[in-house]
Amino acid sequence: MTKRVAILISGGGSNMVSLVKSMTGDHPARPVLVVSNDPKAGGLDKAQALGVPTAVVDHRPFGRDRAAFEAALQKVLADARPDIICLAGFMRILTPEFTARWAGRMLNIHPSLLPKYKGLHTHARALEAGDREHGCTVHEVTAELDGGPVLGQARLDIGPDDTPDTLAARLLPLEHALYPAVLRRYAAGDRTPVSLSAK
Ligand code: GRF
(Lines give C-alpha, C1' and ligand atoms only; values in the text may rest on other atoms or scores of the structure.)
Protein backbone atom coordinates (compact mmCIF):
# COMPACT_ATOMS: atom_id res chain seq x y z
CA MET A 1 0.00 0.00 0.00
CA THR A 2 1.52 3.33 -1.05
CA LYS A 3 2.26 5.52 1.94
CA ARG A 4 0.90 9.09 1.89
CA VAL A 5 3.52 11.68 2.91
CA ALA A 6 2.89 15.24 4.13
CA ILE A 7 5.88 17.58 4.32
CA LEU A 8 6.05 20.57 6.68
CA ILE A 9 8.27 23.52 5.72
CA SER A 10 8.99 27.06 6.85
CA GLY A 11 11.36 28.34 4.19
CA GLY A 12 13.01 27.51 0.88
CA GLY A 13 12.06 23.86 1.04
CA SER A 14 15.16 22.39 -0.63
CA ASN A 15 14.81 19.23 1.47
CA MET A 16 11.12 19.06 0.54
CA VAL A 17 12.04 19.24 -3.15
CA SER A 18 14.51 16.38 -2.76
CA LEU A 19 11.91 14.28 -0.95
CA VAL A 20 9.17 14.98 -3.52
CA LYS A 21 11.46 14.21 -6.46
CA SER A 22 12.54 10.93 -4.85
CA MET A 23 8.98 9.56 -4.52
CA THR A 24 8.59 8.08 -8.01
CA GLY A 25 8.52 4.68 -9.69
CA ASP A 26 8.67 1.77 -7.24
CA HIS A 27 9.14 4.08 -4.23
CA PRO A 28 6.65 2.97 -1.56
CA ALA A 29 5.45 6.53 -0.84
CA ARG A 30 3.98 9.55 -2.60
CA PRO A 31 3.72 13.19 -1.50
CA VAL A 32 0.15 14.31 -0.79
CA LEU A 33 0.61 17.73 0.81
CA VAL A 34 3.17 20.42 1.60
CA VAL A 35 2.25 22.70 4.51
CA SER A 36 4.04 25.87 5.57
CA ASN A 37 3.62 27.95 8.72
CA ASP A 38 4.91 30.93 6.71
CA PRO A 39 2.70 32.15 3.84
CA LYS A 40 5.81 33.58 2.16
CA ALA A 41 7.84 30.37 2.25
CA GLY A 42 9.65 29.92 -1.05
CA GLY A 43 9.04 26.19 -0.87
CA LEU A 44 5.31 26.69 -1.53
CA ASP A 45 5.91 27.73 -5.15
CA LYS A 46 8.38 24.87 -5.61
CA ALA A 47 5.83 22.36 -4.32
CA GLN A 48 3.14 23.73 -6.61
CA ALA A 49 5.55 23.58 -9.56
CA LEU A 50 6.09 19.92 -8.72
CA GLY A 51 2.33 19.33 -8.70
CA VAL A 52 2.02 18.77 -4.95
CA PRO A 53 -1.00 20.30 -3.17
CA THR A 54 -0.02 22.97 -0.66
CA ALA A 55 -1.55 24.60 2.40
CA VAL A 56 -0.57 27.42 4.72
CA VAL A 57 -1.27 27.52 8.45
CA ASP A 58 0.19 30.85 9.48
CA HIS A 59 1.37 30.54 13.07
CA ARG A 60 1.38 34.28 13.73
CA PRO A 61 -2.37 34.83 14.38
CA PHE A 62 -2.17 32.20 17.13
CA GLY A 63 0.51 34.09 19.07
CA ARG A 64 1.85 31.94 21.90
CA ASP A 65 -1.10 29.54 21.72
CA ARG A 66 0.77 26.56 20.28
CA ALA A 67 -2.19 24.24 20.89
CA ALA A 68 -4.49 26.41 18.76
CA PHE A 69 -1.93 26.57 15.95
CA GLU A 70 -1.51 22.81 16.07
CA ALA A 71 -5.28 22.26 16.06
CA ALA A 72 -5.45 24.20 12.78
CA LEU A 73 -2.46 22.28 11.47
CA GLN A 74 -4.04 18.98 12.51
CA LYS A 75 -7.22 19.79 10.59
CA VAL A 76 -5.26 20.43 7.39
CA LEU A 77 -3.25 17.25 7.92
CA ALA A 78 -6.35 15.16 8.73
CA ASP A 79 -7.89 16.17 5.41
CA ALA A 80 -4.78 14.89 3.59
CA ARG A 81 -4.74 11.63 5.57
CA PRO A 82 -0.90 11.27 5.68
CA ASP A 83 0.69 8.04 6.87
CA ILE A 84 4.01 9.84 7.40
CA ILE A 85 4.90 13.47 8.17
CA CYS A 86 8.33 14.81 7.19
CA LEU A 87 9.53 17.99 8.89
CA ALA A 88 11.89 19.64 6.40
CA GLY A 89 13.22 22.98 7.48
CA PHE A 90 10.13 23.37 9.67
CA MET A 91 11.03 25.91 12.32
CA ARG A 92 8.18 25.64 14.84
CA ILE A 93 8.60 23.66 18.05
CA LEU A 94 5.82 21.09 18.40
CA THR A 95 4.07 20.28 21.67
CA PRO A 96 4.33 16.83 23.28
CA GLU A 97 0.64 16.33 22.50
CA PHE A 98 1.23 16.80 18.78
CA THR A 99 4.38 14.66 18.70
CA ALA A 100 2.55 11.96 20.66
CA ARG A 101 -0.34 12.02 18.17
CA TRP A 102 2.14 11.38 15.30
CA ALA A 103 4.57 9.17 17.23
CA GLY A 104 6.21 6.62 14.98
CA ARG A 105 4.98 8.46 11.89
CA MET A 106 6.93 11.75 11.92
CA LEU A 107 10.53 12.41 10.79
CA ASN A 108 12.82 15.42 10.97
CA ILE A 109 16.17 16.38 9.52
CA HIS A 110 18.56 18.23 11.77
CA PRO A 111 21.86 19.79 10.60
CA SER A 112 24.19 18.15 13.13
CA LEU A 113 25.43 14.71 14.14
CA LEU A 114 22.89 14.19 16.93
CA PRO A 115 23.01 13.91 19.85
CA LYS A 116 25.54 16.70 19.39
CA TYR A 117 24.20 20.24 18.96
CA LYS A 118 20.46 19.94 19.46
CA GLY A 119 18.69 23.22 18.73
CA LEU A 120 19.93 26.10 16.61
CA HIS A 121 23.24 27.42 15.18
CA THR A 122 24.67 23.92 14.76
CA HIS A 123 27.38 24.80 12.23
CA ALA A 124 28.80 27.64 14.34
CA ARG A 125 28.77 25.41 17.43
CA ALA A 126 30.66 22.61 15.66
CA LEU A 127 33.25 25.12 14.46
CA GLU A 128 33.56 26.75 17.89
CA ALA A 129 34.08 23.30 19.43
CA GLY A 130 36.91 22.59 17.00
CA ASP A 131 35.17 19.47 15.69
CA ARG A 132 36.90 17.69 12.82
CA GLU A 133 33.66 16.36 11.37
CA HIS A 134 30.06 17.53 11.08
CA GLY A 135 26.93 16.27 9.41
CA CYS A 136 23.17 15.87 9.49
CA THR A 137 20.73 13.48 11.09
CA VAL A 138 17.28 12.19 10.22
CA HIS A 139 15.39 11.05 13.29
CA GLU A 140 11.93 10.11 14.43
CA VAL A 141 10.24 13.05 16.16
CA THR A 142 9.43 12.61 19.84
CA ALA A 143 8.53 15.06 22.60
CA GLU A 144 12.25 15.69 23.18
CA LEU A 145 13.43 18.39 20.76
CA ASP A 146 15.89 16.83 18.26
CA GLY A 147 16.02 13.78 20.50
CA GLY A 148 14.19 10.91 18.78
CA PRO A 149 15.61 7.61 17.47
CA VAL A 150 18.23 8.20 14.77
CA LEU A 151 17.29 6.77 11.36
CA GLY A 152 20.25 8.06 9.38
CA GLN A 153 23.32 10.25 9.41
CA ALA A 154 25.57 11.79 6.79
CA ARG A 155 29.08 12.97 7.66
CA LEU A 156 31.62 15.40 6.19
CA ASP A 157 35.02 16.70 7.26
CA ILE A 158 35.25 20.25 8.58
CA GLY A 159 37.89 22.14 6.63
CA PRO A 160 40.34 24.71 8.04
CA ASP A 161 38.68 27.55 6.16
CA ASP A 162 35.08 26.55 6.83
CA THR A 163 32.64 29.12 8.16
CA PRO A 164 29.08 28.45 9.32
CA ASP A 165 27.87 29.45 5.87
CA THR A 166 30.33 27.29 3.90
CA LEU A 167 29.61 24.37 6.20
CA ALA A 168 25.85 24.78 5.75
CA ALA A 169 26.30 24.96 1.98
CA ARG A 170 28.49 21.84 1.87
CA LEU A 171 26.10 19.97 4.17
CA LEU A 172 22.89 20.71 2.27
CA PRO A 173 23.59 18.29 -0.64
CA LEU A 174 24.21 15.56 1.93
CA GLU A 175 20.85 16.36 3.52
CA HIS A 176 19.26 16.07 0.10
CA ALA A 177 20.76 12.59 -0.27
CA LEU A 178 20.13 11.37 3.27
CA TYR A 179 16.49 12.32 3.83
CA PRO A 180 15.14 10.57 0.69
CA ALA A 181 17.22 7.48 1.48
CA VAL A 182 15.79 7.31 4.98
CA LEU A 183 12.22 8.00 3.84
CA ARG A 184 12.36 5.20 1.27
CA ARG A 185 13.36 2.68 3.93
CA TYR A 186 11.00 4.10 6.55
CA ALA A 187 8.02 3.98 4.18
CA ALA A 188 8.83 0.31 3.56
CA GLY A 189 8.82 -0.33 7.32
CA ASP A 190 12.60 -0.62 7.54
CA ARG A 191 14.23 1.32 10.37
CA THR A 192 17.78 0.14 9.60
CA PRO A 193 19.84 3.33 9.94
CA VAL A 194 21.24 4.90 6.76
CA SER A 195 24.86 6.03 6.88
CA LEU A 196 26.34 8.32 4.22
CA SER A 197 29.69 10.05 4.08
CA ALA A 198 31.37 12.72 1.99
CA LYS A 199 34.69 12.19 3.80
C1 GRF B 1 18.48 22.89 6.44
O2 GRF B 1 19.79 23.15 6.89
C3 GRF B 1 17.86 21.83 7.32
O4 GRF B 1 18.83 20.97 7.90
C5 GRF B 1 17.20 22.62 8.40
O6 GRF B 1 16.66 23.75 7.71
C7 GRF B 1 17.61 24.13 6.68
C8 GRF B 1 16.87 24.62 5.45
O9 GRF B 1 16.19 23.54 4.90
N10 GRF B 1 16.20 21.82 9.06
P11 GRF B 1 15.29 23.67 3.54
O12 GRF B 1 16.20 24.20 2.45
O13 GRF B 1 14.18 24.65 3.85
O14 GRF B 1 14.83 22.29 3.30
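Small disclaimer: the values here were computed from a predicted structure and weren't measured. Atoms within each ligand, like the ligands themselves, are counted from 1 in listed order. This chain uses plain numbering: 1 for the first residue, then up along the sequence.
Ring centroids of His139 and His110 are separated by 6.0 Å or more, keeping the two rings apart.
For Thr95 and Glu70, the side-chain atoms include at least one donor-acceptor pair closer than 3.5 Å.
The existence of a salt bridge linking Arg60 and Asp58 is confirmed by a sub-4.0 Å separation between a basic side-chain nitrogen and an acidic carboxylate oxygen. Under a 4.0 Å N-O distance rule, the pair Lys116/Asp131 qualifies as a salt bridge. Between Glu144 and Lys118, at least one side-chain nitrogen of the basic residue sits less than 4.0 Å from a carboxylate oxygen of the acidic one, meeting the salt-bridge criterion.
Within 6.0 Å of NZ on Lys40 lie no more than 12 heavy atoms contributed by other residues, nucleotides or ligands. Dense packing is recorded around CZ of Arg30, with more than 12 heavy atoms of other residues, nucleotides or ligands lying under 6.0 Å away.
Atoms of ligand 1 lying under 4.0 Å from at least one heavy atom of Pro111, given by number and element, are 4 (O). The Ile109 neighbourhood of ligand 1 comprises atoms 10 (N), with distances under 4.0 Å to a heavy atom of that residue. The ligand atoms of ligand 1 that sit less than 4.0 angstrom from a heavy atom of Ser14 are 11 (P), 12 (O), 13 (O), 14 (O). Close approach to Gly13 involves these atoms of ligand 1, each under 4.0 Å from a residue heavy atom: 11 (P), 12 (O), 13 (O), 14 (O).
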Stepwise side-chain contact (heavy atoms from CB on, under 4.5 Å) test for Asp162 and Leu167
CA-CA 6 Å; Asp162 265 317; Leu167 211 39; 3.7 Å; yes
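Any N or O atom pair closer than 3.5 Å counts here, and His110 shares no such pair with ligand 1. Taking distance alone, with nitrogen or oxygen atoms compared against 3.5 Å, His123 stays at or beyond that limit from ligand 1.
When hydrogens are left out, the protein atom nearest atom 9 (O) of ligand 1 is Asn15 ND2, 3.7 Å; that is the closest non-hydrogen contact. For atom 4 (O) of ligand 1, the closest non-hydrogen atom on the protein side is Glu175 OE1, 2.8 Å.
Remark: atom 1 (C) of ligand 1 lies closer than 4.0 Å to at least one protein heavy atom.
Contacts of Met91 with ligand 1, taken as heavy-atom pairs under 4.0 Å, are absent altogether.
With Gly89, Ala88, Gly12, Ala168 as candidates, the residue nearest to atom 8 (C) of ligand 1 on a non-hydrogen basis is Gly89.
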